[in-house]
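Single-structure report; data block below.
One-based numbering, in listed order, for ligands and for the atoms of each. Only this structure's heavy atoms are used, side chains among them; waters, hydrogens and symmetry mates stay out.
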Amino acid sequence: MKTFKIVTYGCQINEYESEKFREFLISAGLKEVKEERDADLVLLNSCAVREKSELKLISRIGYIRKLFNKYGKPLSVVTGCVATVKEREIRRVGQKSVGLVMKGTRSLKERINELKEFIGIENVVLKPEVKGVFAYVPIIFGCNNFCTYCIVPFTKGRERSRTKEEILNEIRTLAENGTKEVVLLGQNINHYGRDIGYKDGFIELLEAVDKISGIERIRYLTPHPADFTFQDIERMRELEKLCPHFHLPVQSGNNRILKLMKRGYTREQYVSLVNHIKNLFPEASITTDIIVGFPTETDDEYLDTKRLVEEVKFDKIFLAKFSPRPGTVAAKMEGQIPEEIKKLRQNELLSIENTISLKKNRSYIGKYTEVLVETVKEGEMLGRNPQDKLVIIKGEGKHVGEFVRVKITDADMMHLRGVYE
Ligand code: SAH
Ligand code: SF4
């Protein structure tokens with residue numbers, strides 16, 4: 001095998017893993033190509049959170065099978081969440097073009113070893129690539145929460161924390177190679193360390209990362225509103241490098257639905273957490289995930305979510321229509337909501353959110369913000385500010401990895417625009 005292509009679906013953990021697979025394949029002497037038809041090997045890292053991404057994967061496998069039948073290549077390797085739960089279907093659709101299926105519950109190390117055997121190269125010396133200005137670092141894999149709609153605990157298995165030493169070493173190496181910003185990852189990041197006997201594991205890890213020289217910004221995903229303590233938030237205020245951005249998935253604004261989802265908090269507790277954050281970090285941006293059309297959700301209950309959106313004024317919402325996932329409790333519930341109603345609720349929330357995002361972004365006009373430059377194109381540069389807003393900067397002259405002070409002159413729903421000093 002000489003060439004490969006990687007296709008990644010889903011979350012940041014998958015992006016991180018794909019990066020590690022890429023590093024391995026390049027170290028093994030394979031060359032990365034853009035198109036499936038030029039590749040000997042296609043690695044598909046799948047997502048099962050919603051049916052839509054699963055369908056996309058299956059149709060891609062079908063496409064690869066057609067290429068394989070015609071040209072005798074590429075072979076595919078499928079991993080990630082769909083590979084954990086749907087190996088048979090993957091093999092049925094891909095037939096001989098599927099060379100290997102690796103369950104997403106297996107460790108990255110095990111999967112890289114399996115991949116090594118599969119491509120038949122024995123001695124691979126990993127040559128870590130120089131990383132970008134920001135990097136993902138998983139700190140805990142899997143999830144123990146079992147929210148009733150969610151397939152993740154089935155596809156990723158139980159919680160497994162990495163040790164503090166391993167994480168800090170990885171971040172030090174990243175810093176030595178020029179990484180300025182790290183994004184710590186976990187499905188419920190507040191549980192970090194519990195399974196390996198750490199107390200206050202998450203906040204203590206943040207405090208240790210804060211001291212690593214070279215790292216200038218720290219972000220993390222995803223905290224769980226039921227496990228985020230006021231005390232942790234207060235300790236976060238002491239951190240120098242933590243970005244003022246809180247992604248707090250609420251899922252619903254109605255207490256009966258939250259209970260059915262098994263989220264472990266009420267609307268009132270959620271609002272009080274957000275207010276606490278807003279008091280301590282007045283400049284923070286707050287984003288969320290919402291599901292509309294959970295089984296039995298009435299119009300009035302949906303309106304509670306709508307009112308919550310209007311009350312909290314999120315900077316951004318990742319909005320999904322409920323998608324029944326095999327094996328989950330909610331998929332079997334009576335009272336599934338018709339697609340048209342889910343669509344109506346989704347559209348209405350989107351339009352409310354668009355208005356709020358626009359207003360929030362426009363409130364930056366005339367102010368200064370600090371941007372870490374991620375890409376430089378002709379005539380413009382692109383990066384993010386501490387609140388995780390994408391900023392388009394007019395002009396060139398700065399380098400990737402530099403911080404610039406930018407005066408915001410315009411904004412739309414998705415970006416801020418400005419000029420640098
Ligand atoms: N661990 C994180 C994210 C998990 S999956 C958390 O607890 O929030 C990312 C998002 O996908 C979830 O927040 C949820 O909004 C959405 N999601 C998960 N399962 C879903 C389903 N069955 N239907 C629709 N959206 C879903
Ligand atoms: Fe899924 Fe809930 Fe775990 Fe998030 S916390 S991954 S939504 S089960």
Side-chain angles (χ1 to χ4, degrees), residues 9-16 46-55 80-82 84-85 104-105 136 138-161 183-192 194-195 202 219-228 246-254 257-265 270 273-274 286-297 302 305 308-309 314 316-333 336-337 339 341-343 345-346 349-350 353:
Y9 300 90
C11 63
Q12 290 88 355
I13 295 237
N14 275 12
E15 282 179 41
Y16 169 84
S46 63
C47 169
V49 163
R50 284 185 282 274
E51 195 183 10
K52 216 157 105 188
S53 57
E54 204 175 297
L55 294 177
C81 285
V82 185
T84 312
V85 287
T105 37
Y136 292 123
I139 65 168
I140 173 167
F141 295 100
C143 185
N144 290 358
N145 279 59
F146 288 94
C147 301
T148 55
Y149 51 82
C150 184
I151 200 169
V152 170
F154 303 98
T155 58
K156 296 274 195 210
R158 293 303 84 76
E159 287 173 357
R160 296 163 322 270
S161 298
V183 187
L184 309 182
L185 299 177
Q187 292 297 348
N188 177 350
I189 208 153
N190 304 96
H191 278 181
Y192 170 70
R194 285 192 188 186
D195 56 311
F202 179 51
R219 302 184 193 275
Y220 58 85
L221 289 170
T222 310
H224 193 295
D227 294 305
F228 214 158
F246 293 81
H247 180 66
L248 280 172
V250 66
Q251 313 300 357
S252 164
N254 175 269
I257 297 292
L258 284 172
K259 199 158 179 195
L260 277 182
M261 289 176 161
K262 217 167 139 264
R263 287 293 287 176
Y265 52 84
Y270 182 87
L273 179 69
V274 167
I286 298 185
T287 57
T288 199
D289 293 352
I290 288 177
I291 299 175
V292 290
F294 186 84
T296 73
E297 183 187 65
Y302 154 71
T305 303
L308 182 82
V309 166
F314 295 103
K316 196 161 157 193
I317 301 176
F318 297 86
L319 190 58
K321 292 177 288 178
F322 171 74
S323 166
R325 305 311 296 127
T328 61
V329 172
K332 294 184 227 94
M333 284 178 183
Q336 297 287 327
I337 305 296
E339 188 59 28
I341 295 183
K342 289 186 200 169
K343 190 97 209 124
R345 292 177 185 170
Q346 185 187 37
L349 275 195
L350 272 179
E353 184 48 26

Close-contact set for ligand 2 against Arg263 heavy atoms, below 4.0 Å: 2 (Fe), 7 (S)
Begin with the C-alpha distance, continue with both residues' side-chain angles, and end with the deciding distance and a verdict on side-chain hydrogen bond (donor to acceptor under 3.5 Å, both in side chains) for Arg50 and Tyr149. CA-CA 10 Å; Arg50 284 185 282 274; Tyr149 51 82; over 6 Å; no
Minimum heavy-atom separation for Gln12 and Leu221, please, with both atom names. NE2-CD1, 3.4 Å
State, with a plain yes or no, whether a side-chain heavy atom of Leu260 is found less than 4.5 Å away from one of Phe294. yes
Which ligand 1 atoms are under 4.0 Å away from a heavy-atom of Arg263? 7 (O)
Residue Pro249 vicinity, atoms of ligand 1 by number, heavy atom under 4.0 Å: 8 (O)
Please state which protein non-hydrogen atom is closest to atom 6 (S) of ligand 2 and give its distance, to 0.1 Å? Gln187 OE1, 3.5 Å
For atom 7 (S) of ligand 2, what is the nearest protein heavy atom, given as residue, atom name and distance? Tyr149 OH, 3.3 Å
Heavy-atom side-chain proximity of Pro153 to Asn145 below 4.5 angstrom: no
So for Ile291 against ligand 1, with non-hydrogen atoms under 4.0 Å, the contacting part is side chain
Is the closest side-chain heavy-atom distance between Lys332 and Pro324 below 4.5 Å? no
For atom 19 (N) of ligand 1, the protein heavy atom that lies nearest, with its residue and separation: Tyr149 CD1, 3.3 Å
Beyond-backbone contact of Cys147 with Met261, side-chain heavy atoms, under 4.5 angstrom: no
If you define the side chain from C-beta out and look only at heavy atoms, does anything of Ile290 sit under 4.5 Å from Thr305? yes
Look at ligand 1 and say whether Val152 reaches it with a heavy atom at a distance under 4.0 Å. no
Any side-chain heavy-atom pair from Thr288 and Phe318 closer than 4.5 angstrom? no
I'd like to check which ligand 1 atoms, numbered from 1 as shown, lie under 4.0 Å from a non-hydrogen atom of Arg50. 11 (O), 16 (C), 17 (N), 24 (C), 25 (N), 26 (C)
Output the list of atoms in ligand 1 that are nearer than 4.0 Å to some heavy atom of Lys321, sorted by atom number. 23 (N), 24 (C)
Nearest non-hydrogen contact to atom 1 (Fe) of ligand 2 from the set Cys11, Gly186, Cys150 belongs to Cys150
for atom 3 (Fe) of ligand 2, nearest protein heavy atom and its distance come out as Cys143 SG, 2.3 Å
Checking a contact table here: which protein heavy atom is nearest atom 17 (N) of ligand 1, and how many Å away? Val49 CG1, 3.6 Å
Proximal ligand 1 atoms for Ala320, defined as those under 4.0 Å from one of its heavy atoms: 24 (C), 25 (N)
Would His191 and Phe202 count as a side-chain contact (heavy atoms from CB on, under 4.5 Å) here? Give the steps. CA-CA 7 Å; His191 278 181; Phe202 179 51; over 6 Å; no
Return the residue, atom name and 0.1 Å-rounded distance of the protein heavy atom closest to atom 14 (C) of ligand 1. Gln251 OE1, 3.5 Å
Pull out every atom of ligand 2 sitting under 4.0 Å from any heavy atom of Phe146, numbered as shown with elements. 8 (S)
Is the shortest side-chain N to carboxylate O distance from Lys316 to Glu353 below 4.0 Å? no
Exercise: identify the closest heavy-atom pair between Cys143 and Glu159: CA-CG, 3.8 Å
shortest atom 21 (C) of ligand 1-to-protein heavy-atom contact is with Ser323 O, 3.6 Å
Any chance you could lay out the side-chain contact (heavy atoms from CB on, under 4.5 Å) test for Tyr9 and Glu54, step after step, and finish with the verdict? CA-CA 9 Å; Tyr9 300 90; Glu54 204 175 297; over 6 Å; no
In ligand 1, the atoms that come under 4.0 Å of a heavy atom of Gln187 are 1 (N), 2 (C), 3 (C), 4 (C)
With under 30° as parallel and over 60° as perpendicular, where do the rings of Tyr270 and Phe314 fit, or are they tilted in between? tilted
Distance from atom 10 (C) of ligand 1 to nearest protein heavy atom, with residue and atom: Asp289 OD2, 3.5 Å
Who's the nearest protein heavy-atom neighbour of atom 2 (Fe) of ligand 2, and how far? Cys147 SG, 2.3 Å
Counting from 1, what ligand 2 atoms have a heavy atom of Pro153 closer than 4.0 Å? 8 (S)
Val152 neighbourhood, listing ligand 2 atoms whose heavy-atom distance to it stays under 4.0 Å: 6 (S)
